[in-house]
Amino acid sequence: MKVFVAILALVACVSAEEWTPKNGEQIKEVRIECLKEHPLSPEQMNKMKNFEFPNEEAVRKYLLCTAEKMDIFCSHQGYHADRIAKQFKMDMDEEEVQKLVEDCIAKFPKGDKPNDVVAYEGHSCFMSSAIGDKLKNYIKKRHEAAQQHE
């Protein structure tokens, strides 16, 4: 029975259903849901706003939750490099992004580690790469634009 459940879970992870990147509103909803499921302290929130992600259980669980709800992480396989490349390529070449993600996955293999640790290690690696640099700049520009409209 356990094998059957594991096979079903694996099939769910690699479902034939076509995956599409999440839009800004969907990402916002995922973040809100995950904050409800895995509350963070004001200090942790402030650090994350400054792109600092402390290696603390609450932060790791939050990162895992967002990755799972965005369907870029599966509990059996770990991160889906192709999906991350589609979601976070911005103005970069998708193949280049996928290679960066695959390098991070290889650097921090899933092994027997808990999923929150795997999600945290991958996220930290992605954010320290060109992907993270582009994402940080994009978020800063959006924040500055929002402040100008207030």
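What's counted below: heavy atoms across the whole structure, side chains too, no hydrogens, waters or symmetry copies. We count residues from 1, following the sequence as given.
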(Q) Quick one, Leu40 and Met48 - any side-chain contact, counting heavy atoms below 4.5 Å? (A) yes

Q. Do Arg31 and Lys69 come within less than 4.5 Å of each other through their side chains, counting heavy atoms only?
A. no

Q) Does the separation of the ring centres of Phe126 and Tyr79 fall below 6.0 angstrom? A) yes

(Q) Under a 4.0 Å threshold between the charged nitrogen and the carboxylate oxygen, would Lys47 count as salt-bridged to Glu43? (A) yes

Q. Going from CE on Met92 to OG on Ser129, what distance comes out if it is rounded to the nearest 0.5 angstrom?
A. 6.5 Å

Q) What distance separates Cys104 SG from Glu121 CD, expressed to the nearest 0.5 Å? A) 11.0 Å

Q.
What's the separation between atom CG in Asp82 and atom CD in Gln87, rounded to the nearest 0.5 Å?
A. 12.0 Å

**Q.** Polar side-chain atom of Lys89 near backbone of Glu95 as donor-acceptor pair, under 3.5 Å
**A.** no

Q: Carefully, step by step, assess His76 and Lys110 under the rule side chain to side chain contact (heavy atoms under 4.5 Å, CB included).
A: CA-CA 9 Å; His76 295 283; Lys110 185 168 175 353; 5.8 Å; no

Q: Starting at CG of Asp93, measure out to NZ of Lys99 and round the result to the nearest 0.5 Å.
A: 13.0 Å

Q: Please examine the side chains of Lys113 and Tyr120, heavy atoms only from C-beta on, and report whether any two atoms are closer than 4.5 Å.
A: no

Q) Are Phe53 and Arg60 side-chain neighbours, meaning at least one heavy-atom pair lies under 4.5 Å? A) no

Q: State whether Lys134 and Asp91 are salt-bridged, where the test is any N-O pair (Lys NZ or Arg NE/NH1/NH2 against Asp/Glu carboxylate O) under 4.0 Å.
A: yes

Q.
Quick one, Val97 and Met90 - any side-chain contact, counting heavy atoms below 4.5 Å?
A. no

**Q.** From Cys74 atom SG to Arg83 atom CZ, the distance as rounded to the nearest 0.5 Å
**A.** 8.5 Å

Q: Could you tell me whether the side chain of Asn50 and the main chain of Glu52 form a donor-acceptor pair under 3.5 Å?
A: no

Q) Is there a side-chain contact between Ile139 and Leu135, using heavy atoms and a 4.5 Å cut-off? A) yes

Q. Hey, is NZ on Lys28 packed in by over 12 heavy atoms from elsewhere, all under 6.0 Å?
A. no

Q: Could you tell me whether the side chain of Leu64 reaches within less than 4.5 Å of the side chain of His38, counting heavy atoms only?
A: no

(Q) Counting only heavy atoms not in Phe51 (residues, nucleotides, ligands), do more than 12 fall under 6.0 Å from its CZ? (A) yes

Q.
Are Phe73 and Val117 linked, directly or through intermediate hydrophobic residues, by side-chain heavy-atom contacts shorter than 4.5 Å (ILVMFWY only)?
A. no

Q. Do Gln98 and Glu94 get their side chains close enough for a donor-acceptor pair, meaning under 3.5 Å?
A. no

Q) Would a hydrophobic clustering, with Ile, Leu, Val, Met, Phe, Trp and Tyr connected at side-chain separations under 4.5 Å, put Ile72 with Leu100? A) yes

Q) Between the side chain of Gln26 and the main-chain N/O of Asn23, is any donor-acceptor distance below 3.5 Å? A) yes

Q) Do you know which two heavy atoms are closest between Leu63 and Thr66, and how far apart they sit? A) O-OG1, 2.9 Å

Q) Is any side-chain heavy atom of Trp19 less than 4.5 Å from a side-chain heavy atom of Lys86? A) yes

Q: Hey, could you give me the SG/CG distance between Cys65 and Asn115, rounded to the nearest 0.5 Å?
A: 12.5 Å

Q) Nearest heavy-atom pair of Ala58 and Pro39: which atoms, and what distance? A) CB-O, 4.1 Å

Q. Cluster question for you: counting only ILVMFWY and a side-chain heavy-atom cut-off of under 4.5 Å, with indirect links fine, are Ile131 and Ile105 together?
A. yes

